[in-house]
*Asks:* 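Next up is a structure, given as structure tokens.
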Amino acid sequence: VRFNGRTFVTFDERNAPGLGDRFIRSLAAAPDGSLWVGTMSGLARYNRGKFESFRRQAESRIDIYDLCVGTDGSVWFSSDRGLRRLQNGVLRNYTTADGLPSDGITGVAAAPNGSVWIATTNGLVSFESGRFTIYSKWDDAQSEPLNAVSIGQNGNVWIGAKNGSVGLWAHGKITTWWKGHGDRIESLREDIDGTLWIAFEKLGIGRMRGHKLELLTRSNGLPSDAPDWIFEDRERNLWVGWADAGLSMFRDARFTSFG
């Protein structure tokens, strides 16, 4: 669905056959203005008003969990069968045979310095200068299975675990920022003000400043307790996709009330 500020336009297999699938998992904008689409049956691209499917090869017809576009224009996407990279029309598949700690890839994120960060079921991985670096320790213990990764300010990397814990990678090590209580983290984003927003599977939205977590739920007027994705646009609006309640947009109020 595309929103231009006034109206929503829906694309599906009827009016956009190049899309190939109506079950959309992830989106990523490329430096050239095109939009990459991760679906449950492969990869597609929206460019200059048209959709194009990238399902020509059998290994590309997979359920894509997450995707990102690197600074060099290469497209990275994750699945339960390894990590894929599409670069200059050539598809490459990375697995444990290439140095990954697991073939279960749950998230990918591109950093401004050109590195790519990968969340796996066996720890955090970075890809830089053609090689993988594995960070399998979290607080000097074996890492929990990860479910989300996001690039923060100052080059820090945020990770969300399946047990609900939030980790921060900085200076080559992962430390616990907030200890979870079993509710899986679906997505997390640090906004331009340095606030960390967390989508908990069934717990609601977490808003974290420093180490203090504020939980926003139905009792605060939200439409659901099951957020699935969080995104901040360039106008600093916060968009939340819900597993069972559509789409919401949050923004600062025009006025502040006193008393």
Side-chain angles (χ1 to χ4, degrees), residues 23 25-26 28 36 38-43 54 57-70 74-87 90-111 114-152 156-180 182-189 198-201 228-229:
F23 295 95
R25 283 199 186 273
S26 52
W36 290 89
T39 79
M40 290 184 68
S41 64
L43 187 67
F54 287 77
Q57 305 174 53
E59 58 267 28
S60 68
R61 293 192 287 272
I62 59 173
D63 188 354
I64 297 175
Y65 296 164
D66 195 11
L67 63 86
C68 70
V69 181
S74 58
V75 183
W76 297 81
F77 49 106
S78 63
S79 72
D80 60 355
R81 288 186 279 162
L83 176 69
R84 264 60 167 188
R85 179 178 67 172
L86 181 65
Q87 186 177 36
V90 178
L91 185 67
R92 171 81 184 271
N93 185 34
Y94 296 97
T95 65
T96 52
D98 300 287
L100 288 173
S102 170
D103 288 339
I105 312 298
T106 52
V108 289
S115 61
V116 175
W117 290 85
I118 304 112
T120 82
T121 54
N122 284 336
L124 181 68
V125 182
S126 69
F127 183 86
E128 192 170 2
S129 301
R131 63 186 295 267
F132 291 109
T133 302
I134 301 172
Y135 301 95
S136 59
K137 297 294 183 180
W138 182 328
D139 287 339
D140 297 322
Q142 184 63 34
S143 172
E144 292 286 338
L146 306 182
N147 201 58
V149 60
S150 180
I151 309 300
N156 295 333
V157 180
W158 295 101
I159 54 175
K162 289 189 176 181
N163 68 357
S165 294
V166 176
L168 177 65
W169 178 95
H171 309 298
K173 62 184 302 184
I174 302 170
T175 55
T176 297
W177 191 261
W178 190 79
K179 189 173 180 60
D183 294 280
R184 184 173 67 186
I185 292 175
E186 300 287 8
S187 175
L188 69 171
R189 292 288 186 276
I198 308 163
F200 291 101
E201 182 185 23
D228 195 53
W229 194 255

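In what follows, residues are counted from 1 in the order of the sequence shown.
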*Asks:* In chain order, what residues pass the salt bridge (Lys or Arg N to Asp or Glu O under 4.0 Å) check against E144, with sequence neighbours excluded?
*Replies:*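 Not a single residue meets the salt bridge (Lys or Arg N to Asp or Glu O under 4.0 Å) criterion with E144.
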*Asks:* Output all residues satisfying side-chain hydrogen bond (donor to acceptor under 3.5 Å, both in side chains) with W169, sequence neighbours left out; order by chain, then residue number.
*Replies:*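 W169: no side-chain hydrogen bond (donor to acceptor under 3.5 Å, both in side chains) contacts found.
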*Asks:* Mind running side chain to side chain contact (heavy atoms under 4.5 Å, CB included) on I118 and S78 for me, showing each step along the way?
*Replies:* CA-CA 8 Å; I118 304 112; S78 63; over 6 Å; no
*Asks:* Would you indicate whether the side-chain heavy atoms of V125 and T133 approach each other to under 4.5 Å?
*Replies:*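 No - every pair of side-chain heavy atoms lies 4.5 Å or more apart.
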*Asks:* What do the steps show when you test D80 against Y65 for side chain to side chain contact (heavy atoms under 4.5 Å, CB included), and what is the final call?
*Replies:* CA-CA 8 Å; D80 60 355; Y65 296 164; 3.4 Å; yes
*Asks:* With a 3.5 Å distance limit and no angle check, can you tell me whether N156 reaches the backbone of A170 through a side-chain donor-acceptor pair?
*Replies:*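 No: the side chain of N156 does not pair with the backbone of A170.
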*Asks:* Decide yes or no on side chain to side chain contact (heavy atoms under 4.5 Å, CB included) for L91 and N93, but give the supporting numbers first.
*Replies:* CA-CA 7 Å; L91 185 67; N93 185 34; over 6 Å; no
*Asks:* Quick one: list whatever passes ring-ring contact (aromatic ring centres under 6.0 Å, His included) with W229, sequence neighbours left out.
*Replies:*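 Expected list: none.
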*Asks:* Any idea which heavy atoms bring L83 and L100 closest together, and the distance?
*Replies:*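 Looks like CB-CD1, 4.0 Å.
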*Asks:* Return the set of residues passing side-chain hydrogen bond (donor to acceptor under 3.5 Å, both in side chains) with W117 (not counting sequence neighbours), or none when no residue passes.
*Replies:*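 In terms of side-chain hydrogen bond (donor to acceptor under 3.5 Å, both in side chains), with neighbours along the sequence ignored, W117 is linked to S115.
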*Asks:* If you round to the nearest 0.5 Å, how far is NZ of K173 from CG of L168?
*Replies:*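 With rounding to 0.5 Å, CG (L168) is 11.5 Å from NZ (K173).
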*Asks:* So which heavy atom on S143 is nearest to which on G123, and how close?
*Replies:*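 What the structure gives for the nearest pair is OG-CA, 3.8 Å.
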*Asks:* Are the side chains of F77 and I105 in touch, meaning some heavy atoms are under 4.5 Å apart?
*Replies:*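 No, every pair of side-chain atoms sits at 4.5 Å or beyond.
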*Asks:* Just how far is it from atom OG of S26 to atom CG of L67, taken to the nearest 0.5 Å?
*Replies:*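 Here the interatomic distance stands at 3.5 Å.
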*Asks:* Can you list everything that forms a salt bridge (Lys or Arg N to Asp or Glu O under 4.0 Å) with D63? Sequence neighbours excluded, please.
*Replies:*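 Salt bridge (Lys or Arg N to Asp or Glu O under 4.0 Å) check on D63 returns R25.
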*Asks:* Sequence neighbours left out, what passes ring-ring contact (aromatic ring centres under 6.0 Å, His included) with W177? Give chain and number order.
*Replies:*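 Result, ring-ring contact (aromatic ring centres under 6.0 Å, His included) vs W177: W158, H211.
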*Asks:* Looking at N122 and P101, would you say the former's side chain and the latter's main chain have a donor-acceptor pair under 3.5 Å?
*Replies:*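 Indeed, once roles are kept as given, a pair shorter than 3.5 Å links the two residues.
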*Asks:* Going by the rule salt bridge (Lys or Arg N to Asp or Glu O under 4.0 Å), which residues pair with D98 if we only count those two or more places apart in sequence or in a different chain?
*Replies:*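 So D98 forms a salt bridge (Lys or Arg N to Asp or Glu O under 4.0 Å) with R92.
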*Asks:* For F127, enumerate each residue passing the ring-ring contact (aromatic ring centres under 6.0 Å, His included) test, keeping only those at least two apart in sequence or located in another chain.
*Replies:*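 Expected list: W76, Y94, F132.
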*Asks:* If only atom types and distance count, is the side chain of S187 paired as donor or acceptor with the main-chain N or O of A199 below 3.5 Å?
*Replies:*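 Checked: no pair found.
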*Asks:* With heavy-atom distances below 4.5 Å as the criterion, would you say the side chains of I198 and W178 are in contact?
*Replies:*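 No, side chains not in contact.
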*Asks:* With side chain to side chain contact (heavy atoms under 4.5 Å, CB included) as the test, would you mind laying out the steps for N147 and I185 before giving the verdict?
*Replies:* CA-CA 7 Å; N147 201 58; I185 292 175; 5.7 Å; no
*Asks:* Over all heavy atoms of both residues, which pair between A109 and S150 is shortest? Give the atoms and the distance, please.
*Replies:*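 Closest heavy-atom pair between A109 and S150: CB-CA, 4.4 Å.
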*Asks:* Tell me the closest heavy-atom pair linking A110 and G70, and the distance in Å.
*Replies:*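 The answer is CB-CA, 4.0 Å.
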*Asks:* Please tabulate, one pair per line, all N/O donor-acceptor pairs under 3.5 Å involving side-chain atoms of residues 134-142, not counting sequence neighbours.
*Replies:*
unit_1 : atom_1 : unit_2 : atom_2 : d
W138   : NE1    : T176   : OG1    : 2.7
D139   : OD1    : T176   : N      : 3.2
D139   : OD2    : T176   : N      : 3.4
D139   : OD2    : T176   : OG1    : 2.4

*Asks:* Kindly write out the residues that satisfy side-chain hydrogen bond (donor to acceptor under 3.5 Å, both in side chains) with T121, not counting sequence neighbours, or none if the list is empty.
*Replies:*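 side-chain hydrogen bond (donor to acceptor under 3.5 Å, both in side chains) check on T121 returns S102.
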*Asks:* Any side-chain heavy atom of R84 sitting closer than 4.5 Å to one from I62?
*Replies:*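 When only atoms from C-beta onward are counted, I62 and R84 do touch, with a gap below 4.5 Å.
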*Asks:* Please enumerate all residues that pass side-chain contact (heavy atoms from CB on, under 4.5 Å) together with A119, with sequence neighbours excluded.
*Replies:*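 Per chain and number, A119 pairs via side-chain contact (heavy atoms from CB on, under 4.5 Å) with T106, L146, V149.
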*Asks:* Quick one: list whatever passes side-chain hydrogen bond (donor to acceptor under 3.5 Å, both in side chains) with S165, sequence neighbours left out.
*Replies:*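 Result, side-chain hydrogen bond (donor to acceptor under 3.5 Å, both in side chains) vs S165: N163.
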*Asks:* Distance-only, no hydrogens or angles: does the D183 side chain make a donor-acceptor pair with backbone N or O of G164 under 3.5 Å?
*Replies:*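 It does not hold such a pair.
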*Asks:* Rounded to the nearest 0.5 Å, what's the gap from CD1 on I174 to CD1 on I159? Could you check?
*Replies:*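 With rounding to 0.5 Å, CD1 (I174) is 4.0 Å from CD1 (I159).
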